[in-house]
Amino acid sequence: MEKTDINSDLYKIRHSLAHVLAQAVLEIRPDAKLGFGPPIDSGFYYDFDLTEPLSTEDLPMLEKRMRQIIKKGQVFEREELGHEEMVERLDKDNQGYKIEQVEDLSAQNEILSLYRNGPFWDLCEGPHVDSTRDIPKNCFSLDSLAGAYWKGSEENNMMQRVYGLAFETGDELKEFKEKRQLAMERDHRKLNIKQHYYAISEEVGKGLPLWLPNGTVIREELEKLAKEKEFLAGYKRVSTPHITREELFHTSGHLPFYEDSMFPPMEMDGERLFLKPMNCPHHHMIYKAEPRSYRDLPLRLAEYGTCYRYEQSGELAGLLRVRGMTMNDAHIYCSPEQAKEELLNVLNLHTQYYELFGLKDFWMRLSLAEKDTGKFVDEPELWQKAETLITEVMEEVGVPYEAVRGEAAFYGPKIDFQVTNVIGREETASTNQLDLVMGKRFGLTYIASDNQEHTPIIIHRAPLGTHERFVAFLIEHYGGAFPTWLAPLQVRVIPVASAFNEYAHGLNDSLFSSFVRTELDDSHDSFSKKIRSAAVAKIPNILIVGENEQAGQTVTWQRYGSKDRKTLAFDAFIELLQEEILKRQDWRTDDQ
RNA sequence: UCCUCAGUAGCUCAGUGGUAGAGCGUUUCCUUGGUAAGGAAGAGGUCGGCAGUUCAAUCCUGCUCUCAGGCUCCA
């Protein structure tokens with residue numbers, strides 16, 4: 001992701017606005033304690049610890065004060081201070097958070113500097129504009145209030161964060177707001193209101209979506225796709241239960257490494273049963289159900305497995321974050337010699353999917369373990385081997401990637417596929433792990449050609465992630481206008497007047513018996529109204545029939561979002577449509 | 001889990017300390033000819049829930065639930 005250059009005008013403007021905001025807040029809340037106040041992608045924010053909280057109604061007034069400050073032409077001046085002196089000055093102003101920050105900076109031997117503008121000063125490394133007058137008029141606006149933990153840690157105090165938008169010109173600010181508005185229209189929760197993909201019912205529970213008929217179509221089409229791809233790639237399908245005895249999760253290490261994210265256990269007949277948060281332990285048990293020879297490897301076990309994870313309620317968001325989810329899961333058990341090729345095949349499968357959906361904006365994130373955090377299984381040698389292998393494969397695939405320490409699964413390094421959704425938020429679309437640990441923990445073995453027992457390497461992979469997240473992502477990606485193969489309703493037949501209902505009815509029946517998801521609009525609406533309704537519902541194909549069509553046994557075919565019309569024989573239409581569905585084409589992006 | 005915002009008809013939203021409003025959608029009837037709203041009538045609401053203040057609360061106060069934006073977490 002691009003970062004604004006620290007010496008650019010824009011960075012200086014945003015950074016300086018953060019100081020101006022803090023100054024304005026201190027004017028109305030003199031006892032405010034300052035936290036962090038950095039520039040960000042769309043502007044800036046500043047964190048405050050306040051005895052009397054700000055309300056959104058205060059924002060216009062704060063913004064006005066900011067403009068007044070800017071008009072004064074306050075000059076930014078830098079000063080460098082020693083540790084003692086800086087702490088002393090901050091202490092005098094009662095800025096405890098800043099003192100903590102000074103201690104952290106000093107520990108890293110950073111130079112301590114402050115910036116002063118007018119009556120305000122702040123611990124800061126800069127840079128800033130020369131004078132507040134250099135901040136263009138109308139280039140910013142205060143955006144929202146939010147809570148934010150001090151230093152981003154749940155353990156710490158909750159501060160109040162004020163977000164501001166800021167750009168180099170007022171036009172850019174306006175443009176950003178318009179774009180954001182458009183993006184909000186594509187939010188899957190918003191589209192869901194009209195398109196009815198899923199429902200979340202209070203009676204059923206938070207984070208436990210009910211899939212309505214429309215959403216289920218998309219889910220099942222994805223599942224069909226995955227099953228075909230996996231079949232051709234030599235996967236075997238399996239099926240496993242949702243609840244499981246405690247012992248299995250001790251073996252896997254989910255207890256205690258993952259217990260916080262699991263639903264509390266059910267007690268029965270003196271034993272404890274958990275809802276599974278992942279499918280891996282079960283697949284391992286399937287591996288273990290028979291003795292394995294190197295001739296059985298690689299063994300690829302696939303399942304659309306439903307898992308339950310206890311997410312905190314504030315984290316739940318439509319279909320994007322839920323508590324019950326169905327994963328496009330599979331585990332590949334292989335020998336060390338096979339691991340590289342298997343991993344490569346898995347990554348290639350991802351790129352095939354992404355090409356199919358026309359997703360271009362993605363990158364890979366390599367998540368590695370971090371020592372001594374207690375978050376990862378303690379097998380340094382195996383970790384080392386896994387990380388070397390996975391890095392090699394990443395290099396070979398050639399898709400750009402970014403390595404992050406400390407983000408691995410507790411049993412192995414991860415390759416995540418990161419995508420940016422329409423709202424600009426980064427999401428993990430799928431996650432894949434290379435696991436040298438679990439084979440050993442579960443006592444999985446195979447007899448190799450040397451007639452000795454060996455432990456297989458396990459690759460966890462889920463290219464389509466979970467139905468919940470992936471469908472949400474696709475709804476936003478397509479803006480609710482799906483290609484024919486995915487669309488809940490593929491065709492609507494519209495007679496130009498009721499006199500042609502009978503002919504239209506016949507066409508609709510034929511399509512239906514060819515397994516096309518089709519509907520006849522024989523309502524009493526005017527013809528224009530019917531066209532509009534079909535467009536509003538974003539149905540990919542409409543068929544218009546009237547006198548001409550009836551006479552020639554033809555249909556007039558029109559795509560969603562297009563004014564082009566084509567009149568062709570009905571049989572020819574069915575053939576074309578079936579081919580498009582079978583090949584999973586998108587008429588907007590594929591040449592036909 | 002916490003911070004801020006918001007909950008009025010299926011949806012989008014007005015509104016008032018004194019019997020609840022619009023548009024769209026829906027239902028019924030009339031109408032029907034070629035590309036984004038034909039007409040008429042009707043149904044539809046414990047104004048999120050509980051408690052308090054008041055002669056009277058959808059409106060004011062408190063609590064609670066849900067939702068949205070953050071933070072944290074993450075598929």
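Order of the sequence lines fixes the chain letters, A, B, ..., with proteins taken first and strands second; residue numbering starts at 1 for each chain.
- Of the candidates G69(B), G34(B), U66(B), the closest approach to any side-chain atom of Lys206(A) belongs to U66(B).
- If you take atom C1' in U31(B) and the same atom in A20(B), they sit 34 Å apart, rounded to whole Å.
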Could you go over nucleotides 24-27 of chain B and give all protein N or O partners under 3.5 Å, atom names and distances?
| from | atom 1 | to | atom 2 | distance (Å) |
| --- | --- | --- | --- | --- |
| G25(B) | OP1 | Lys529(A) | NZ | 2.7 |

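- Taking every side-chain heavy atom of Arg532(A) into account, A36(B) is the closest of A36(B), U4(B), U35(B).
- Among the atoms of the strands shown, none is found under 4.0 Å from any heavy atom of Ala534(A).
- The distance between atom CE of Met158(A) and atom P of U4(B), rounded to the nearest whole Å, is 9 Å.
- Put simply, CD1 on Ile531(A) is 12 Å from P on G38(B), counting in whole angstrom units.
- Rounded to the nearest Å, the gap between the C1' atom of G45(B) and that of C11(B) is 15 Å.
- Spacing between U66(B) and A14(B) at atom P, rounded to whole Å, works out to 25 Å.
- Expressed to the nearest 0.5 Å, how far CG of Leu319(A) lies from CG of Asn192(A) amounts to 7.0 Å.
- Here Asn548(A) lies in heavy-atom contact (under 4.0 Å) with a base.
- In this structure, a donor-acceptor pair under 3.5 Å is absent between the side chains of Gln195(A) and Lys538(A).
- By the 4.5 Å heavy-atom criterion applied to side chains, His477(A) and Val419(A) are not counted as neighbours.
- Rounded to an integer number of Å, the gap from Phe362(A) CZ to A75(B) P is 19 Å.
- Counting only heavy atoms from C-beta on, Ile193(A) has its side chain closest to C11(B) among C11(B), A36(B), C73(B).
- Between Tyr149(A) and C73(B) there is no side-chain N or O to OP1 or OP2 distance below 4.0 Å.
- Rounded to whole Å, atom C1' of C71(B) lies 14 Å from atom CH2 of Trp150(A).
- Under the 3.5 Å distance criterion, with hydrogens and angles disregarded, a donor-acceptor pair is assigned to the side chains of Thr484(A) and Asn541(A).
- Among U4(B), G69(B), U35(B), the nucleotide with an atom closest to any side-chain atom of Phe527(A) is U35(B).
- Going from atom CG of Asn156(A) over to atom C1' of C71(B) covers 12 Å, rounded to whole Å.
- One can place NE2 of His188(A) at 13 Å from C1' of A68(B), the figure rounded to the nearest angstrom.
- Nucleotide A36(B) holds its C1' atom 14 Å from the NZ atom of Lys538(A), rounded to whole Å.
- Residue Arg189(A) places at least one side-chain N or O under 4.0 Å from the OP1 or OP2 atom of A68(B).
- Between the side chain of His524(A) and the base of U32(B), no donor-acceptor pair of N or O atoms lies under 3.5 Å.
- For A9(B) and G48(B), the C1' atoms lie 14 Å apart once the distance is rounded to whole Å.
- Applying the 3.5 Å distance criterion, the base of C74(B) shares no donor-acceptor pair with the side chain of Arg309(A).
- The base of A75(B) does not come close enough to the side chain of Gln418(A) for any donor and acceptor atom to sit less than 3.5 Å apart.
- With distances taken from any side-chain atom of Gln160(A) to the nucleotides A75(B), C3(B), A36(B), the minimum falls on C3(B).
- The distance between atom CG of Leu191(A) and atom P of U12(B), rounded to the nearest whole Å, is 13 Å.
- Looking at heavy-atom distances under 4.0 Å, Thr431(A) makes contact with sugar-phosphate atoms alone, never a base.
- For RNA chain B, if you chain together Watson-Crick or G-U pairs that step i with j, i+1 with j-1 and so on, the runs of at least three with distances under 3.5 Å are B:2-4 with B:68-70, B:10-13 with B:21-24, B:26-30 with B:38-42, B:48-52 with B:60-64.
- Annotation: U16(B) and A56(B) have their P atoms spaced 23 Å apart (nearest Å).
- Applying the 4.0 Å criterion to OP1 and OP2 of U72(B), one finds that Lys151(A) has every side-chain N and O outside that range.
- Nearest to the side-chain atoms of Lys194(A) among the listed nucleotides C74(B), U4(B), C11(B) stands C11(B).
- A donor-acceptor pair shorter than 3.5 Å can be found between the side chains of Thr51(A) and Asp31(A).
- The residue from Arg300(A), Arg461(A), Lys224(A) that alone fulfils the salt bridge (Lys or Arg N to Asp or Glu O under 4.0 Å) condition with Glu230(A) is Arg461(A).
- For the side-chain contact (heavy atoms from CB on, under 4.5 Å) test, residues two or more places apart in sequence or in another chain that qualify with Val238(A) are His283(A), Ile286(A), Leu301(A), Glu303(A).
- Contact between Glu549(A) and Tyr503(A) at its shortest, heavy atoms only, is O-OH, 3.4 Å.
- Panel note: side chain Arg161(A), backbone Leu145(A); no donor-acceptor pair is recorded below 3.5 Å.
- Checking U32(B), A75(B), C71(B) against every side-chain atom of Ala148(A), the shortest atom distance belongs to C71(B).
- How far NE2 of His254(A) is from NZ of Lys276(A): 11.0 Å, rounded to the nearest 0.5 Å.
- The P atoms of U58(B) and G52(B) are separated by 14 Å, rounded to the nearest whole Å.
- When each of Pro53(A) and Ser533(A) is assigned the nucleotide of RNA chain B with its nearest heavy atom, Pro53(A) is the one assigned upstream, toward the 5' end.
- Base engagement by Gly546(A) is indicated by at least one non-hydrogen atom pair under 4.0 Å involving a base atom.
- A cation-pi arrangement, defined by a distance under 6.0 Å to the six-membered ring centre and an angle within 45 degrees of its axis, is present between Arg14(A) and Phe167(A).
- Comparing G15(B) with G70(B), their P atoms sit 27 Å apart, to the nearest whole Å.
- Residue-to-nucleotide proximity on RNA chain B shows that, of Ala497(A) and Ser526(A), the 5′-proximal contact is made by Ala497(A).
- The side chain of Thr428(A) sits closest to A75(B) out of A36(B), A75(B), U32(B).
- Taking side-chain N and O atoms only, Thr466(A) has no distance below 4.0 Å to OP1 or OP2 of A75(B).
- Taking the ring axis of Tyr308(A) as reference, the NZ or CZ atom of Arg323(A) does not stay both within 45° of it and closer than 6.0 Å to the ring centre.
- For the residue pair His460(A) / Asp435(A), a side-chain donor-acceptor distance below 3.5 Å is found, with atom types taken as modelled.
- Nucleotides U8(B) and A68(B), compared at atom P, are 14 Å apart to the nearest Å.
- At the heavy-atom level, Gln433(A) lies nowhere under 4.0 Å from the strands shown.
- Here the nucleotide nearest the side chain of Phe500(A), chosen from U32(B), U35(B), G33(B), is G33(B).
- Between the base of C71(B) and the side chain of Arg161(A) there is no donor-acceptor pair shorter than 3.5 Å.
- Counting atom types as modelled, Gln558(A) pairs no side-chain N or O with a base atom of G34(B) as donor and acceptor under 3.5 Å.
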